[in-house]
Amino acid sequence: MKKNDPASRIQDLRQFGEFGGVNPSITDSSTYTFLAADTMEDTFHGETQGCFLYSRHWNPSNKYLADALAALEETESGWITASGMAAITCTILELCNCGDHIVTSVTTYGGTFAFLKNYLPKFNIEVSFVNIADLESVEKAIQPNTRLIYTESLTNPLLQISDIPALSDICRKHGIQLIVDNTFSPMIISPARLGADIIVYSMTKFINGKNDCVAGAICSGTDFINGLSDVNKGTAMLLGPVLDPIRSSSILKNLHTLHIRMKQHSRNAMYLARRFSELGLKVIYPGLESHPHHDLMKKLMNEEFGFGGILAIDFGDHATSNKIMQLMQDKDIGYLAVSLGYFKTLFSCSGHSTSSEVPAEMQKEMGLSPGLTRFSVGLDNDIERTFDKILFCLKELKIIS
Ligand SMILES: *Cc1c(COP(=O)(O)O)cnc(C)c1O
């Protein structure tokens, strides 16, 4: 197979502005004039190509960004939403009807987990939570009313790798859809190429990379995107989580540096993961040979972008995690904050923050220790200097001698 090169697909985009600007024009209009009255009626019936009607439906700036994401993922189409959660919830609600069933991982992002567990029962949609790495239990969980398997390419915070080709085979066999959240690994993993039907993103994280807004995206075939945006019954059109076009134009510009950022995040995270594990700390990072899914990751990844910018260290208990995070913040290593994919390092104690929606006994079952501390490693130019600073903190707190 030809080398997969998502970065060049973005680089090759031909999107310029109305007056020849090197950046596409921003269309900050909610509604659009029709030069011929007949065109308006046809557009409402979905019979006109290339006409914009109303910005909750389609907006030219969002269309540029959607096309760029479709190029990134090699899907026919894309759709932009006002948050990652909007991308996830609209996708699931578009596919599922009352009485349907979903199979998913116990380690999904906290908001997704809460939606699946606490919100979907309102619609009598049933969800089975399984260990997504255990393919046998995934297949066993499938029922006659199962509509989809939902997973994350890299799960949070344990960084399990989903075997997308194997999950796709299971989906094909049962005639159901595979949805993959690729928020942790844009460029690194190309889920559509590996057999996913729909890819969802929180662009809030690596894709935008600036932590200045919340946004999401859905990449899939044209039929699904057309259904989602159908004027009369599309979930995205009717629930209405549209991103402001001024935001989407700024995200599009940031997307053009994503490949460089991913390489640097990965390089820095790999360096820290190696050094921390040499110190005898319990480090979770898919780039380490000690990671249970290291070989699988190597098989699935687009190698030049590395193993990603997220690593986790188990400091044993919550109090120790808090102490080290506080000290690291005081020493300007980064910020004690949730979220990820930022140019500065961010750290948080997963069990007490981003995974706190997951009940304590389930956290224990999935191996999420109370001291597990997630690092979203920044773009530091001198990562050795950063490591030395962290080493100082670890010694100061007598975590290592
Ligand atoms: C942050 C995140 C989301 C939710 O995205 P928002 O933009 O905050 O709505 C979903 N999935 C993953 C893996 C995330 O990290």
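One-based numbering, in listed order, for ligands and for the atoms of each.
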Can you label the angle between the F123 ring and the Y119 ring as parallel, tilted or perpendicular, going by 30° and 60°?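 Tilted: the ring planes of F123 and Y119 meet at 30° to 60°.
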
Please work out which of the three classes, parallel, tilted or perpendicular, describes the rings of F206 and H265, given edges at 30° and 60°.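 If you compare the ring of H265 with that of F206, the planes turn out perpendicular.
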
Salt bridge K331-E396, side-chain N to carboxylate O under 4.0 Å: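 No, K331 and E396 are not salt-bridged.
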
Between D380 and K344, is the closest basic N to carboxylate O distance under 4.0 Å?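 So K344 does not pair with D380 through a salt bridge.
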
Please list, by chain and number, the protein residues whose heavy atoms come under 4.0 Å of ligand 1.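 Only S83, G84, M85, I88, Y109, D181, T183, F184, S202, T204, K205, V214, A215 have heavy atoms that fall under 4.0 Å of ligand 1, ordered by chain and number.
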
Does a side chain donor of either R374 or N156 reach within less than 3.5 Å of an acceptor in the other side chain? yes

Residue list, ring-ring contact (aromatic ring centres under 6.0 Å, His included) with Y64, at least two apart or on another chain: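 Here no residue qualifies.
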
